[in-house]
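Have a look at the structure below, then the notes.
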Amino acid sequence: MAYWLMKSEPNVYSWDHLKSDGVAPWTDVRNYQARNHMKAMKKGDLVFFYHSNIGREIVGVMEVVREHYPDPADPRFVLVDVKCHRLFKTPVTLAMIKADPRLQGIGLIRQSRLSVMPITDDEWRIILDLEQIK
DNA sequence: GCCAACGTTGGC
DNA sequence: GCCAACGTTGGC
């Protein structure tokens, strides 16, 4: 199983929106690198939900329930369907991630504009640790 | 194919 | 509101 992180501005589409939608397509990715990551996602993969701009924190974990299919709004890009898996007890903030020497290689820091990125097993475990610590 | 101009993302 | 990073566009 692989791990990922996807960003959304919570005033546009937040964790609570997904929670009330149940299963929903992840829309509006218009970057080829991000799209390629979406194409690599498999059913059952887990995905950190990051609130960008407002909050700047990982709020929970989603699960991929449908693998990539063409975006009807622009067939050059794709959608995946996701659902909420588990809400964090406390969000893991960007500040916490930046302050952790073990997470300096994470895409969230290295490629701050990328909205869909892979997360290594180590990074995944460290972030779950940070959730417990706070 | 290069690169300047421009637009977007997202942290601060 | 500013700006750094970086992707895209279009002229040549």
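So you know, we letter chains A, B, ... as the sequences are listed, proteins then strands, and number each from 1. Just so it is clear, the values below take in all heavy atoms, side chains as well, and ignore hydrogens, waters and symmetry mates.
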Quiz prompt | Distance below 4.0 Å between A:Y50 side-chain N/O and B:dG11 OP1 or OP2 | solution =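 Yes, within the criterion.
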
Quiz prompt | Residue-phosphate contact under 4.0 Å: A:K7 side-chain N/O, B:dG10 OP1/OP2 | solution =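 It does, given that an N or O in the side chain of A:K7 lies less than 4.0 Å from OP1 or OP2 of B:dG10.
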
Rounded to whole angstrom units, what separation is found between the [atom1] atom of [X] and the [atom2] atom of [N]?
X: A:E9; N: B:dG10; atom1: CD; atom2: P; answer: 6 Å
X: A:L94; N: B:dT9; atom1: CG; atom2: C1'; answer: 14 Å
X: A:N53; N: B:dT9; atom1: CG; atom2: P; answer: 10 Å
X: A:N11; N: B:dG10; atom1: CG; atom2: C1'; answer: 12 Å
X: A:L114; N: B:dT9; atom1: CG; atom2: P; answer: 13 Å
X: A:L5; N: B:dT9; atom1: CG; atom2: C1'; answer: 15 Å

Quiz item: Near DNA chain C, which residues from residues 24-36 of chain A have a heavy atom under 4.0 Å away?
Solution: A:N31, A:Y32

Quiz prompt | Sequence-distant partners of A:D100, side chain to side chain donor-acceptor pair (under 3.5 Å), two or more places apart | solution =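 Expected list: A:R102.
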
Quiz item: Looking at residues at least two apart in the chain, or sitting in another chain, which of them share a side chain to side chain donor-acceptor pair (under 3.5 Å) with A:Y3?
Solution: none

Quiz item: Applying side-chain hydrogen bond (donor to acceptor under 3.5 Å, both in side chains), which residue pairs with at least one partner in residues 68-85 of chain A are found, sequence neighbours left out?
Solution: A:R30-A:D71, A:Y69-A:D81, A:D74-A:R76

Checking [X] now: which residues fulfil side chain to side chain contact (heavy atoms under 4.5 Å, CB included) with it, not counting sequence neighbours?
X: A:S112; value: none
X: A:A34; value: A:V29, A:N31, A:L114, A:S115, A:V116
X: A:R56; value: A:Y50, A:L94
X: A:S14; value: A:P10, A:D16, A:H17, A:H51

Quiz prompt | Separation of A:F48 CZ from A:L108 CG (nearest 0.5 Å) | solution =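 Here the rounded value is 10.5 Å.
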
Practice problem: Run through A:F49, A:W4, A:F77 and flag the one making a ring pair (Phe, Tyr, Trp, His ring centres under 6.0 Å) with A:W26. | Solution: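 In the set A:F49, A:W4, A:F77, the residue that makes a ring pair (Phe, Tyr, Trp, His ring centres under 6.0 Å) with A:W26 is A:F49.
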
Quiz item: What is the per-nucleotide protein-contact pattern of nucleotides 1-7 of chain B, from the 5' end, where B denotes a base atom under 4.0 Å from a protein heavy atom, S denotes such proximity for sugar-phosphate atoms only, and - denotes neither?
Solution: ------B

Self-check item: Estimated bend of the helix from B:dG1-C:dC12 to B:dC12-C:dG1 (axis per five terminal pairs, rounded to 10 degrees)
Solution: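 The value is 10°.
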
Quiz prompt | Residue pairs, two or more places apart or on separate chains, that pass salt bridge (Lys or Arg N to Asp or Glu O under 4.0 Å) and touch residues 33-47 of chain A | solution = none

Self-check item: With sequence neighbours excluded, residues passing salt bridge (Lys or Arg N to Asp or Glu O under 4.0 Å) with A:D122
Solution: A:R125

